[in-house]
2 protein chains.
Amino acid sequence: MDSSAELRRSGFWTAVVLYGLALAALVFVLKYIEYRYLLRELRVEVYIGVVAALFTALGIWMGSKLLTRKEEVPAEVPHRPNEEALRRIGISGRELEVLRLMATGRSNQEIADQLFISLPTVKSHTSNLFAKLDVRRRTEAVHKAKSLGLIP
Amino acid sequence: MDSSAELRRSGFWTAVVLYGLALAALVFVLKYIEYRYLLRELRVEVYIGVVAALFTALGIWMGSKLLTRKEEVPAEVPHRPNEEALRRIGISGRELEVLRLMATGRSNQEIADQLFISLPTVKSHTSNLFAKLDVRRRTEAVHKAKSLGLIP
DNA sequence: CGAAGATCCATACCAAAGGATGATGGCGTC
DNA sequence: GACGCCATCATCCTTTGGTATGGATCTTCG
C-alpha cells in the first residue's frame, strides 16, 4: 500500500543490489584514480580509510532504515482496549460504550440520545461504572480508564 | 546513573577511539598476510570487499547503538505543551494549571484546595477556560485540550 | 427451572458544575 | 494616568451530575 510496507518486504534485496553496485562503483573510481594520476597504486591505508568511512556511513544509514521500520509497526495499531483489565474490572459492553462517549465530553443527555436510551438509564450505567472504577466523578473515571488502557 | 546515560555522554569519543584501533589492527593484519604468504600485495578488490563488509557491520552496530538512544530521549520529555496553540487561544498560566488538575479528575473544590484559592476563583478560571476552548463541560474541555496538545 | 447478570426505566433527593454579573487589586504598556 | 489583562473573590440562579432505591425484561448458565 504505502512505501514503508513495500520497503519492509523488498528492502533487504534492494539493499544487497545497491551494495553490489556501490562496491563496483568504488572499485572503478579508485582504479580510475590510479590510472588518471599515473600512480602505480594508492597506499593500502588510503584504501582502507576511504572504504571504511564510506561503508560505515552506509551501514549506519542502512541499519537505521531496516531497524526503525520494525519498531514503528506496532505503533500503528488503532487501539487494543486491554481486554484483560476490562474483564478483571467487570465492565460490560454497554458500560464501555457509555464510557467512550463520556471520554469525548458528551453529557448524560447526549449519551442517552446517541444510544437511544433514557437519561435514567445512562445515569444507571455511569453509576455502575464509577463503582467499578472506584471513582466519584466522570472526569476521574475518564482519566483512570485512559491510564488503564480501557479507552484510547 | 545507568549505562545508557553514560553511553550518551562518552559514547561518541569511545567509538572514535575504537574505530582508530580497528583501523590500525586491520592494516596490521593485512600487511602481515602480505608478508606471511610472500604476496607482493593483495588485489585491491579484496581489500575493498573485506573492509566494506567489516565496516558495514560495524556501522550498523554503531548506528543502532547511537541512534536508538537518541530516539528514546525525547520520549522521556514530560510534555511540551504546544506553546503555539496555547498563545493562539490565549490561555493564561493559572488557567493551564486548573486545566491540568481538571484533566486528572479533580473537582473544583479539590482544585481550589490544591492551589490555595477559593472555589469561586476556580469557577471563574474554568468558565474563562470553557469560553476560550469553546466548550460547555469540563470533560469536553479536557478532551479538546488533549487533542490540541495543551496537556499530556 | 432458578440464579445471576445485563439492560432498561423511574422517582426522589442532594451535591457539583456552570452561567451571569460585579468588584478589587496588581502589573505592564501606551 | 488610563487601559487592558490577570488573578482573586463574591452572590444568585439554573442545569447537570451523582446516589439511592426499586422494578421490569431478557439471556446465559449450571
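To find a chain, count down the sequence lines: A is the first, B the second, and so on, and within it residues start at 1.
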Peer 1: Please evaluate residues B:Arg106 and A:Glu140 with respect to the criterion salt bridge (Lys or Arg N to Asp or Glu O under 4.0 Å), reporting the C-alpha separation (whole Å), side-chain torsions for both, the decisive distance (0.1 Å), and the verdict.
Peer 2: CA-CA 7 Å; B:Arg106 304 284 190 283; A:Glu140 207 180 348; over 6 Å; no
Peer 1: Under 4.0 Å from OP1 or OP2 of C:dC8: is there any side-chain N or O of A:Arg94 that close?
Peer 2: yes
Peer 1: Show your reasoning for whether salt bridge (Lys or Arg N to Asp or Glu O under 4.0 Å) applies to A:Arg94 and A:Glu97.
Peer 2: CA-CA 5 Å; A:Arg94 205 55 159 170; A:Glu97 286 186 84; 3.1 Å; yes
Peer 1: Among the candidates D:dT16, D:dC6, C:dA17, find the nucleotide nearest to the side-chain atoms of B:Ser92.
Peer 2: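 So the side chain of B:Ser92 is nearest to D:dC6.
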Peer 1: Whole angstrom is fine here: how far is it from CG in A:Asp113 over to C1' in C:dC9?
Peer 2: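 Taking atom C1' of C:dC9 as the reference, CG of A:Asp113 is at 15 Å.
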Peer 1: Round to a whole Å and report the spacing from CG of B:Asp134 to P of C:dG19.
Peer 2: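 Atom CG in B:Asp134 sits about 11 Å away from atom P in C:dG19.
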Peer 1: A:Ile111 CD1 to C:dT7 P: how many Å, rounded?
Peer 2: 15 Å
Peer 1: Assess whether side-chain contact (heavy atoms from CB on, under 4.5 Å) is satisfied between B:Gln109 and B:Asp113, documenting all intermediate values.
Peer 2: CA-CA 6 Å; B:Gln109 185 60 61; B:Asp113 293 343; 3.1 Å; yes
Peer 1: To the nearest Å, give me how far apart CG (B:Leu101) and P (C:dA16) are.
Peer 2: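 Rounding to the nearest Å, CG of B:Leu101 and P of C:dA16 are 17 Å apart.
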Peer 1: Which whole-number value in Å describes the distance from B:Arg136 CZ to D:dG17 P?
Peer 2: 12 Å
Peer 1: Round to a whole Å and report the spacing from CG of B:Leu96 to P of D:dC5.
Peer 2: 19 Å
Peer 1: OP1 or OP2 of D:dT16 versus the side-chain N and O atoms of A:Asn108: is any pair under 4.0 Å?
Peer 2: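 So the side chain of A:Asn108 is outside the cut-off, no N or O lying under 4.0 Å from OP1 or OP2 of D:dT16.
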Peer 1: In whole angstrom, what separates A:Arg137's CZ from C:dG18's C1'?
Peer 2: 16 Å
Peer 1: Under 4.0 Å, heavy atom to any atom of DNA chain D: which of residues 114-130 of chain B qualify?
Peer 2: B:Ile117, B:Ser118, B:Pro120, B:Thr121, B:Ser124, B:His125
Peer 1: Can you find a side-chain donor-acceptor pair between A:Thr121 and A:Ser124 that sits under 3.5 Å?
Peer 2: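 There is no such pair between these side chains.
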Peer 1: Assess the residue pair B:Arg88 and B:Glu84 against the criterion (salt bridge (Lys or Arg N to Asp or Glu O under 4.0 Å)); give the C-alpha distance rounded to whole Å, side-chain angles, the decisive distance to 0.1 Å, and a yes or no.
Peer 2: CA-CA 6 Å; B:Arg88 177 169 46 80; B:Glu84 190 276 321; 3.4 Å; yes
Peer 1: With DNA chain D as reference, determine whether B:Lys132 or A:Thr139 sits nearer its 5' end, using the nearest nucleotide of each.
Peer 2: B:Lys132
Peer 1: Which residues pass the side chain to side chain contact (heavy atoms under 4.5 Å, CB included) test with A:Thr126, not counting sequence neighbours?
Peer 2: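 If we apply the side chain to side chain contact (heavy atoms under 4.5 Å, CB included) test to A:Thr126, skipping adjacent residues, the hits are A:Val98, A:Met102, A:Asn108, A:Val122, A:Lys123, A:Phe130, A:Arg138.
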Peer 1: Regarding B:Glu95 and B:Arg100, does a basic nitrogen lie under 4.0 Å from an acidic carboxylate oxygen?
Peer 2: no
Peer 1: Let me confirm one number: the CG-CG distance from A:Leu133 to A:Leu99, rounded to the nearest 0.5 Å.
Peer 2: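 It comes to 6.5 Å.
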Peer 1: Quickly work out the A:Glu140 CD to D:dG18 C1' distance and round it to whole Å.
Peer 2: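 For the pair A:Glu140 CD and D:dG18 C1', the rounded distance is 13 Å.
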Peer 1: Show me the protein contacts with nucleotides 25-30 of chain C, counting only N or O atoms at under 3.5 Å.
Peer 2:
none

Peer 1: With side chain to side chain contact (heavy atoms under 4.5 Å, CB included) as the test, pick out the partner of B:Ile89 among B:Asn82, B:Leu148, B:Leu129.
Peer 2: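 Filter result, single survivor: B:Leu148.
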